[in-house]
There are 2 protein chains.
Amino acid sequence: MTQETGGRRPNIYDVASEAGVSKSLVSLVLRGAHGVSPARRAAVEEAIKRLNYRPNRAAATLAGNRSRTIGVVLDDYRNLWFVGLLAGLHEQLAPLGFRVAVADPLFNAHLDRTPVDGLMSLRVDGIVIATEPSEEMFAALDVPAVVAGNRDIRVPGADIVTNDDMVGGRLATEHLIGMGHRDIGHVTGGGGAARLRAAAYEASMLENGLRPHITRGQGFTMESDGYQAALKLLDQNPSLTAIFAANDTMALGAAGAARDRGLRIPEDLSLIGYDNSPLASANLLRLTTVDGRNGEVGAKAAQALLDRMKDPHVPVRTMLVEPELVVRASTAAPA
Amino acid sequence: MTQETGGRRPNIYDVASEAGVSKSLVSLVLRGAHGVSPARRAAVEEAIKRLNYRPNRAAATLAGNRSRTIGVVLDDYRNLWFVGLLAGLHEQLAPLGFRVAVADPLFNAHLDRTPVDGLMSLRVDGIVIATEPSEEMFAALDVPAVVAGNRDIRVPGADIVTNDDMVGGRLATEHLIGMGHRDIGHVTGGGGAARLRAAAYEASMLENGLRPHITRGQGFTMESDGYQAALKLLDQNPSLTAIFAANDTMALGAAGAARDRGLRIPEDLSLIGYDNSPLASANLLRLTTVDGRNGEVGAKAAQALLDRMKDPHVPVRTMLVEPELVVRASTAAPA
DNA sequence: ATCGTTTTCTGGAACGCTCCATTTGTTCCC
DNA sequence: GGGAACAAATGGAGCGTTCCAGAAAACGAT
């Protein structure tokens, strides 16, 4: 398969001599530069194919002092909101020649102190923090950064892009109120986004002269958190006709709690989630939810990064994406 | 924060002079080598901290001609079986100083022809293919590789590690038969794993003198595929008392279909899934399922890779992990 | 043809590490 | 106190690119 290069993997010199040009010209072709004659370009591409040459990104990163890669810090693969975010990032960045590297949530403390350290060692050109940022993370930050999905914790010098959880929380609560519900509970969790959604819920309730009922689960991402919290909520407030869960996963838990208390959705209890995850569209739930438009968040995060790469001194911005209500079958007027 | 290195990021030379040692000694400390005196080691670590030095992995990869990284090719973040796989890989590899890099399923064809190309450019030391391998993928393979979760397509030179889908399919089917079910349907999907599970279902049914009923969804990963297929199955076979779905996501779809046909689970219809995903343990489903023990698959994949890195000529192996039945509340004896 | 101009192409010098052969230092024994 | 044996530390070469300044080629206008 591979031509003979003495057992070695071929490098640009091999390609260059195969194509009868200089190594620099090969480099130009690899980077898709302008000002290369079509004939030479074709010759180089031919040679690349013949030798089964594959560029060495380590060398490119070292020599160019940049990796053309954007790092993304995730916290949990099971919380699927990041999928839309990555798609949005990709869509904006790939055409410009940037790759996206995900810093493994399981990163090992033995090798790097934080996922950010790992990405910095890779010499990424920018970082998207899609988790609750911690102090020790931003000590290491040395490149343009944006925090996505969280406006609670400010990272010095980092832009913030997120869906507007306050608006989303109001959207959800007012949807229920608009349908005629008066006794509406809220199941919340840990973390900044949950806090804002809860605050919006509370504000909406009070503005409408209604009494808020909030129960907090242990975590934010687990179905069991939603289940436990919803059980408590239902048992303490038997007159409840609707629940707003801080995310779809917790809504799934709440749906389990409702079933266990003999409540049908939406006949006996309306249920609304947040995130518009794949779960929400499942036929078993047909969950009304709030779509945080994570693709848009990703696209805006990419834009913020690109702007800051061009000029590191642009003022720090907070960009809010307007969430949308997605009405499905889990909400209805109270009996 | 950073000490003065003339605006540059500090490198090993800066650390070396700060600590009063040679660059080589710094390198040794970085790699955690033996034979460095505690005093010098401490001095170097001090200097690293003072300068806020972060090693350049591109340079390390280039110089060492290896990245100490294992690449993993995924196909869809929404199909959560990979989470256990990654955990298993991590657990084995991190203590040995290997990182795990996930090749983005959204990889852009503009930058790399396949995800494998991208990983090869990164000079990974091994590759785990956790998706259906394609011809053009293994053209690029040049390092130890293992295919995880699929024994259908053979990649030349690659080991295979997967849960034993045949055993799992039998486990599920015989669990239902053992409970007294006679009319059992199967909802299957695309892909090699699904094919094996279906074959095992069919074999078990026939061995027990029962007539198999298989319906195939469009895809394998979508809830809607399971929903559609289960609807068809139920409508064509009204006497059905149990459904075995090829994975938990499709089982969720099947649960939706059952609900829409007025069937209670497990009173009117028993339902069993496959994967033991987070979904299965949700209180709304409490789904009986087959656990493919993906953590174990990941651990074995790591071992296969390490063995082949040591000696590229060890014969190609197929390693099967024994799956386990996880009984929850979605299965019961027929009425 | 001749001379600018512009376009295309080239060689050399980094980039920041690892690896290896060698040097320097230390310990222990007779 | 001298040397063997071992442990610890070092300097140089090389990894495969990019970038840059400048050379060569192509093109136009006179």
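All values reported here derive from a predicted model rather than from experimental measurement. So you know, we letter chains A, B, ... as the sequences are listed, proteins then strands, and number each from 1.
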Enquirer: Check the pair A:L141 / A:I127 against side-chain contact (heavy atoms from CB on, under 4.5 Å), numbers first and verdict last.
Expert: CA-CA 8 Å; A:L141 276 178; A:I127 287 193; 3.8 Å; yes
Enquirer: Over all strands shown, is B:R66 touching base, sugar-phosphate only, or nothing at heavy-atom distances under 4.0 angstrom?
Expert: sugar-phosphate
Enquirer: Could you tell me whether the side chain of B:S67 reaches within less than 4.5 Å of the side chain of B:D125, counting heavy atoms only?
Expert: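 Contact flag for B:D125/B:S67 side chains = yes.
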Enquirer: A quick test of your reading: do over 12 heavy atoms of other residues, nucleotides or ligands sit less than 6.0 Å from CD of B:E132?
Expert: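 Counting neighbours around CD of B:E132, more than 12 heavy atoms of other residues, nucleotides or ligands fall under 6.0 Å, so yes.
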Enquirer: Can you give the first and last nucleotides of DNA chain C, 5' to 3', that have an atom under 4.0 Å from a heavy atom of chain A?
Expert: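 The contact span of chain A on DNA chain C goes from C:dT8 to C:dG16.
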Enquirer: Any chance you could list the contact pattern along nucleotides 10-17 of chain D? Use B for base contacts, S for sugar-phosphate-only contacts and - for none, protein heavy atoms under 4.0 Å, 5' to 3'.
Expert: BBB-BBBB
Enquirer: Hydrogens and angles aside, do B:N11 and B:R9 bring a side-chain donor and acceptor to less than 3.5 Å of each other?
Expert: no
Enquirer: Taking the six-membered ring for Trp, are B:Y77 and A:F82 parallel (under 30°), tilted (30 to 60°) or perpendicular (over 60°)?
Expert: perpendicular
Enquirer: Between A:E46 and A:R50, does any side-chain N to carboxylate O distance fall below 4.0 Å?
Expert: yes
Enquirer: Is it true that the side chains of A:R31 and A:S27 contain a donor and an acceptor less than 3.5 Å apart?
Expert: yes
Enquirer: Return yes when atom CZ of A:R154 has more than 12 non-hydrogen atoms of other residues, nucleotides or ligands closer than 6.0 Å, and no otherwise.
Expert: no
